[in-house]
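In this chain, residues are counted from 1 in sequence order. Any value given below was found using the heavy atoms of this structure, including those in side chains, with hydrogens, waters and symmetry copies removed.
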Amino acid sequence: MRITKHKVWQWSLSIAFILSGFFASLLVITNNEKSTYKAKGIQQAVLVPDTAVYSLINYIADHPVKTDNDLGSEEKFLPDGILLDRKFSLSKKQGNSQPYLQDGRLQKLVAEKILSPTDATFIKQQAATDTVFVWQKNRLSIKVLVSMDTLVSLMQALDQKQRTWDFWPKLQARYKSKYFNSISLPLFSADYNTAIIETTFMCGGTCGGSETLVVQRRNNKWIIIKRLRNWDV
């Protein structure tokens, strides 16, 4: 296949788009912040018990999740049992950020009767707490939790020119997996039976995607009832 200058330019833009936010997140962490990250651990959400959070995330980790009205579709969000702990809270402290709810998404879910006005108010209250939430490995039913400290160490071992091209191959070789997934802190409805989460998968500098998902518990199983795409490449 002939690689033209135009194609190289397109690839460069894609790489910059995906990696800019990721690298910016890593590079703002100083050594002092890293030690704070280790010491701080997890701050529980005020409005939602952490048992509800881990119950949902562990279900997603352990089970293929079906999409409503699509009987043949099941999706495993952590196919290799690896969770990438790389999200940030809105306060720019380390932790898992909340799902993307801009562009009137919450109001649309109420209009579609997926959420009630009471649910929307409760979700807004959760979003307003700006709670820093860091996954605890001993409470997750996954094989590997890739910590922020690990990502920072891999990044700092590379010089500036190497970071764009060599970071992902080194990360993939280290964990023997092509895919790395992160899951946001869920935002729950008032009865805890509906939740909004953001899932992100990365598989290289020009490979990845992110969705905001609305999931609902039915007969003790979580299913996807709404997908809102955030980005993909």
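Put simply, the side chain of Asn58 gets close to the backbone of Ser141: a donor and an acceptor are under 3.5 Å apart. Looking at Tyr54, its side chain does come within 3.5 Å of a backbone N or O of Gln136 through a donor-acceptor pair. One N or O on the side chain of Lys76 and one on the backbone of Ala61 form a donor-acceptor pair closer than 3.5 Å. A donor-acceptor contact shorter than 3.5 Å links the side chain of Arg217 to the backbone of Tyr192. Of the possible donor and acceptor atoms, one in the side chain of Asp191 sits under 3.5 Å from a partner among the backbone N and O of Asn193. Using modelled atom types, no side-chain atom of Lys137 and backbone atom of Val146 make a donor-acceptor pair closer than 3.5 Å. At distances below 3.5 Å, at least one donor-acceptor pair connects side-chain atoms of Gln172 with backbone N or O atoms of Cys203. Listed for the Gln126 side chain is a donor-acceptor partner under 3.5 Å among the backbone atoms of Phe188.
Using bins of under 30°, 30° to 60° and over 60° for the plane-to-plane angle, the ring pair His63/Tyr59 lands in the parallel bin. The aromatic rings of Tyr175 and Phe180 sit perpendicular to each other, their planes meeting at more than 60°, with 30° as the lower class boundary.
No side-chain heavy atom of Leu171 sits less than 4.5 Å from a side-chain heavy atom of Met202. Side-chain atoms of Asn181 and Phe77, non-hydrogen and from C-beta on, never get closer than 4.5 Å to each other. Side chains of Ile60 and Ile197 form a contact here, defined as non-hydrogen atoms less than 4.5 Å apart. Taking 4.5 Å as the limit, some side-chain heavy atom of Arg218 sits within range of a side-chain heavy atom of Asp68. Between Phe122 and Leu115 the shortest side-chain heavy-atom distance does not fall below 4.5 Å.
With hydrophobic clusters built from ILVMFWY side chains whose heavy atoms lie under 4.5 angstrom apart, Val144 shares a cluster with Phe167. Hydrophobic cluster membership is shared by Val48 and Leu140, with clusters built from Ile, Leu, Val, Met, Phe, Trp and Tyr side chains linked at under 4.5 angstrom. No chain of hydrophobic side-chain contacts below 4.5 Å, direct or via other Ile, Leu, Val, Met, Phe, Trp or Tyr residues, connects Trp231 to Tyr179. By the rule that hydrophobic residues join a cluster once side-chain heavy atoms approach within less than 4.5 Å of another member, Leu187 and Val215 end up as members of separate clusters. Under the 4.5 Å side-chain heavy-atom criterion for ILVMFWY residues, no single connected hydrophobic cluster contains both Leu213 and Phe201.
For the atom pair CD1 of Ile82 and NZ of Lys178, the computed distance is 14.0 Å after rounding to the nearest 0.5 Å. Atoms OG and CG, on Ser153 and Leu158 in that order, are 11.0 Å from each other to the nearest 0.5 Å. Here the straight-line distance linking atom CG of Leu83 with atom CD1 of Ile142 works out to 4.5 Å at 0.5 Å rounding. Rounded to the nearest 0.5 Å, atoms CG (Asp80) and NZ (Lys176) are 12.5 Å apart. A distance of 9.5 Å separates CG in Leu78 from OG in Ser182, rounded to the nearest 0.5 Å. Here the CH2-CG distance, from Trp168 to Leu154, works out to 10.5 Å after rounding to the nearest 0.5 Å.
Of the residues listed (Ile183, Asp62, Leu185), the one engaging Ile57 in a side-chain contact (heavy atoms from CB on, under 4.5 Å) is Ile183, and it is the only one.
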Q | Stepwise side-chain contact (heavy atoms from CB on, under 4.5 Å) check, Trp222 with Leu56 | A | CA-CA 8 Å; Trp222 289 95; Leu56 169 56; 3.5 Å; yes
Q.
Show, in sequence, the C-alpha distance, side-chain angles and deciding distance for Thr51 and Arg139, and conclude whether the side-chain contact (heavy atoms from CB on, under 4.5 Å) test is met.
A. CA-CA 9 Å; Thr51 52; Arg139 303 188 68 177; 4.2 Å; yes
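By the side chain to side chain contact (heavy atoms under 4.5 Å, CB included) test, Thr121 pairs with Gln125, sequence neighbours left out. Residues satisfying the side chain to side chain contact (heavy atoms under 4.5 Å, CB included) test with Ser116, not counting sequence neighbours, are Thr118, Asp119.
The local environment of CG in Asn138 is crowded, with over 12 non-hydrogen atoms from other residues, nucleotides or ligands closer than 6.0 Å.
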Which pairs of donor and acceptor atoms, one on a side chain in residues 104-112, lie under 3.5 Å apart (sequence neighbours left out)?
{"residue": "Arg105", "atom": "NH1", "partner": "Tyr100", "partner atom": "O", "Å": "3.3"}
{"residue": "Arg105", "atom": "NH1", "partner": "Thr212", "partner atom": "OG1", "Å": "3.1"}
{"residue": "Arg105", "atom": "NH1", "partner": "Asn230", "partner atom": "OD1", "Å": "2.9"}
{"residue": "Arg105", "atom": "NH2", "partner": "Arg229", "partner atom": "O", "Å": "3.4"}
{"residue": "Arg105", "atom": "NH2", "partner": "Asn230", "partner atom": "OD1", "Å": "3.1"}
{"residue": "Glu112", "atom": "OE1", "partner": "Lys226", "partner atom": "NZ", "Å": "3.2"}
{"residue": "Glu112", "atom": "OE2", "partner": "Lys226", "partner atom": "NZ", "Å": "3.3"}

